[in-house]
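Input: a single structure, listed below in structure tokens.
The structure presented is a predicted model; accordingly, all values stated were derived computationally and were not measured. Positions are given from 1, in the same order as the sequence printed here.
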Amino acid sequence: MATELKTFIGSQFIGKPVLADIEFIPHLEKINDFAATNGLEIYVTSSARPWGVPVAGPAFPPAKMSNHFIGHAIDMNIQIGGKLYTSHELGDFNSLPSTIQAFFTAIRNHPVLHWGGDFGDPVHIDDRLNKNDPNTWSKKLPIIQSELTGLTQPGIRAVNSPRLLFLTTPMMEGDDVKAVQEKLIGKGFNLIITHADGLFGTATSQAVIKFQDREDLEPIDGIVGDTTRQALGL
């Protein structure tokens, strides 16, 4: 059993950064392929999720053994032709554009992937590991949760590296965020705020993306990892 928290970048994935278990990455690649085939974008709203953190405005009550807790699930909206389809539209399969129907049909026909629309949660996709192999789910839980804590919580390091900084709900905060903001402000980027406040909000995320683009960093994802930190001089 390989278990490791990774960042996933896909050509059709937009929205929040995707954090997933390494064993779920091939399935995310397949989701990306299905989206590319049908000319749509996956607007991610949630992926790997810390245990015990309340979910703001969930479309469906979170499961006690949610695959989000082990990095084997995403919540998403779908964007196509400039229109964003949310839980309200995605819940009515028959009224969806044919390309979105084809995308979900491909998910349904996949031997592992599972679309939440079949149980009342149309923004959810996972691999049903919690149902098909609860023992493996239980083994992965403490590993992924430990890595997720190390990546996202102040004062704790994972694999001897500073935590990743990115846009979350609730917002990340701390001196490390403040240091990034001070560097961005010093380089002329508009964070709306005049002084660093230590909260990683939308303006900070957009400034990071613009900085990554200006510096030709890869990927341009709004995540402050080692490469972006070095480019900022941190």
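- Atom CG of D92 has more than 12 heavy atoms from other residues, nucleotides or ligands within 6.0 Å.
- Atom CG of residue N67 and atom NZ of residue K140 lie 11.0 Å apart, to the nearest 0.5 angstrom.
- Annotation for I185 and A196: closest pair CD1-N, 3.9 Å, computed over non-hydrogen atoms.
- Between the CG atom in L165 and the CG atom in L167 there is a gap of 11.5 Å [rounded to 0.5 Å].
- Closest approach of T86 and N77 over heavy atoms only: CA-OD1, 3.3 Å.
- We find that K178 and E173 are not joined by a salt bridge, their nearest charged nitrogen and carboxylate oxygen being 4.0 Å or further apart.
- Judged by distance alone, with hydrogens and angles left aside, the side-chain atoms of T37 form a donor-acceptor pair with the main-chain N or O of D33 at under 3.5 Å.
- With a 4.5 Å cut-off on side-chain heavy atoms, S95 and E89 do not count as touching.
- Rounding to the nearest 0.5 Å gives a distance of 13.5 Å between NZ of K183 and CZ of F189.
- With hydrogens and angles disregarded, a donor-acceptor distance shorter than 3.5 Å links the side chain of Q181 to the backbone of D197.
- Within the 4.5 Å cutoff, the side chain of D126 has no heavy atoms near those of the H72 side chain.
- Judged purely by atom type and a 3.5 angstrom limit, D133 uses its side chain to pair as donor or acceptor with the backbone of T136.
- The two residues L191 and A207 have their closest heavy-atom pair at CD1-CB, 3.6 Å.
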Distance-only check: which donor-acceptor pairs under 3.5 Å involve side-chain atoms of residues 104-113, not counting sequence neighbours?
{"from": "T105", "atom 1": "OG1", "to": "Q101", "atom 2": "O", "distance (Å)": "2.8"}
{"from": "R108", "atom 1": "NE", "to": "D118", "atom 2": "OD1", "distance (Å)": "3.1"}
{"from": "R108", "atom 1": "NE", "to": "D118", "atom 2": "OD2", "distance (Å)": "3.4"}
{"from": "R108", "atom 1": "NH2", "to": "D118", "atom 2": "OD1", "distance (Å)": "2.7"}
{"from": "N109", "atom 1": "ND2", "to": "T105", "atom 2": "O", "distance (Å)": "3.3"}
{"from": "H110", "atom 1": "ND1", "to": "V112", "atom 2": "N", "distance (Å)": "3.0"}
{"from": "H110", "atom 1": "ND1", "to": "L113", "atom 2": "N", "distance (Å)": "3.0"}

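- Not one N or O on the side chain of Q230 forms a donor-acceptor pair closer than 3.5 Å with the backbone of T227.
- I14 and L84 fall within the same hydrophobic cluster, defined by Ile, Leu, Val, Met, Phe, Trp and Tyr side-chain heavy atoms under 4.5 Å apart, directly or through other members.
- Closest of all the heavy-atom pairs between Y85 and L96 is CD2-CD2, 4.1 Å.
- In this structure, CD1 on I193 lies 5.5 Å from OG1 on T204, to the nearest 0.5 angstrom.
- Atom CG of L141 sits about 9.5 Å away from atom CD1 of I143, to the nearest 0.5 Å.
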Which atom pairs, one a donor and one an acceptor, fall under 3.5 Å between side chains of residues 39-47 and the rest of the protein, sequence neighbours left out?
{"from": "E41", "atom 1": "OE1", "to": "Q79", "atom 2": "NE2", "distance (Å)": "3.2"}
{"from": "T45", "atom 1": "OG1", "to": "D75", "atom 2": "O", "distance (Å)": "3.2"}
{"from": "S46", "atom 1": "OG", "to": "R49", "atom 2": "NE", "distance (Å)": "3.4"}
{"from": "S46", "atom 1": "OG", "to": "R49", "atom 2": "NH2", "distance (Å)": "3.0"}
{"from": "S47", "atom 1": "OG", "to": "L19", "atom 2": "N", "distance (Å)": "3.0"}
{"from": "S47", "atom 1": "OG", "to": "L19", "atom 2": "O", "distance (Å)": "3.4"}

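- Heavy atoms only, all atoms of each residue included: I25 and A20 are closest at CD1-CB, 4.1 Å.
- Between the W115 side chain and the P122 main chain, a donor and an acceptor come within less than 3.5 Å of each other.
- Note that the CD atom of Q12 and the CZ atom of F103 stand 10.0 Å from one another [nearest 0.5 Å].
- Side-chain contact of Q212 with T228: a donor-acceptor pair under 3.5 Å is present, judged by distance alone.
- Without hydrogens or angle criteria, N38 side chain to I100 main chain gives no donor-acceptor distance under 3.5 Å.
- Of the N and O atoms on the side chains of S11 and N32, at least one donor lies less than 3.5 Å from an acceptor on the other residue.
- In summary, the aromatic rings of F166 and F200 are positioned with their centroids too far apart to meet the 6.0 Å limit.
- Residues passing the salt bridge (charged side-chain N to carboxylate O under 4.0 Å, His left out) test with K6 are E4, sequence neighbours excluded.
- In the model, D127 has no side-chain atom that pairs as donor or acceptor with a side-chain atom of H27 under 3.5 Å.
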